[in-house]
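Remember, it's 1-based here, ligands and their atoms both numbered in the order they're listed. Residues take their numbers from the sequence shown, with the count starting at 1.
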Amino acid sequence: MIIAIDGPAAAGKGTLARRIAETYGYHHLDTGLTYRATAKALLDAGLPLDNEAIAEAMARKVDLAGLDRTVLSRHEIGEAASKIAVMPSVRSALREMQQEFARREPGAVLDGRDIGTVVCPEAPVKFYVTASAEVRAKRRYDEIIEAGGSADYDAIFEDVKRRDERDMGRTDSPLKPAEDAYLLDTSEMSIEAAFQKAKSIVDAALSRNA
Ligand code: DC
């Protein structure tokens, strides 16, 4: 079983993906971390972010077992990741790894931007999780405040919009819903309600295949 979850930054797809994976005992891969790990390796080595051959070589060295969300969640790593994510050879190197992961038994949940459209177009269950830019910026703001940090809502809002433009506007594998994806708009739906809805769709797919 492969479950593909796509959507813009901070829409709640990571939380949803983790809960689905836990519920069904499937493997989970946040594919954004593979782009982030590539970017971090370049930053750490003091290498340029605009050289596709160098970035591809770094992408090929990414170890899926060593992806550390805490380290990779840093803002500047996300910025750098969105720059190298426009490079076709970086995308194809990471895509091969992601496709291999998707074949793990008994099933895999992958979340990202192009899972249902490009990485696993054959996935029997696809979700496109979205929410308005205002709601997503507010969620990110609340997370930082709850963690005891300080944040500027307007700056976060601008950042969310800029990230959307970059993700949706690139030529190679832009962010968009697959034609057969279920749309989950979490603007006015709690993540819990989205999870319940997603679960009923996965259950229905599993009973069709049984
Ligand atoms: O979801 P995130 O913020 O961790 O993603 C980091 C960057 O990687 C983001 O700019 C989009 C890009 N990305 C991508 O292009 N394709 C994916 N499947 C996942 C992430």
How are the rings of Tyr141 and Tyr153 set to each other: parallel, tilted or perpendicular (split at 30° and 60°)?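 The arrangement is perpendicular - the two ring planes meet at more than 60°.
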Report yes if the side chains of Pro48 and Leu42 come closer than 4.5 Å at any heavy-atom pair, otherwise no.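 SC-SC contact between Pro48 and Leu42 ruled out.
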Under a 4.0 Å threshold between the charged nitrogen and the carboxylate oxygen, would Glu158 count as salt-bridged to Lys161?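 Yes.
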Please report the C-alpha distance between Thr186 and Arg139 in whole Å, then the side-chain angles of each, then the deciding distance to 0.1 Å, and finally whether the side chain to side chain donor-acceptor pair (under 3.5 Å) criterion is met. CA-CA 11 Å; Thr186 64; Arg139 281 198 195 127; 3.2 Å; yes
Hey, what polar pairs (N/O, under 3.5 Å) does ligand 1 make with protein?
unit_1   : atom_1 : unit_2 : atom_2 : d
ligand 1 : 1 (O)  : Arg113 : NH1    : 2.9
ligand 1 : 1 (O)  : Arg113 : NH2    : 3.1
ligand 1 : 3 (O)  : Arg36  : NH2    : 2.9
ligand 1 : 4 (O)  : Arg36  : NE     : 2.6
ligand 1 : 10 (O) : Asp167 : OD1    : 3.3
ligand 1 : 15 (O) : Arg91  : NH1    : 2.8
ligand 1 : 15 (O) : Arg91  : NH2    : 3.3
ligand 1 : 15 (O) : Arg170 : NH1    : 3.0
ligand 1 : 15 (O) : Arg170 : NH2    : 3.0
ligand 1 : 16 (N) : Arg91  : NH2    : 3.1
ligand 1 : 18 (N) : Thr31  : OG1    : 3.0
ligand 1 : 18 (N) : Arg113 : N      : 3.1
ligand 1 : 18 (N) : Asp114 : OD1    : 2.9

Return the CD to CZ distance between Glu56 and Arg91, rounded to the nearest 0.5 Å.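 So the gap between those two atoms works out to 13.5 Å.
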What are the two closest heavy atoms between Met58 and Ala45, and how far apart are they?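 Of all heavy-atom pairs spanning Met58 and Ala45, the closest is CE-CB, 4.2 Å.
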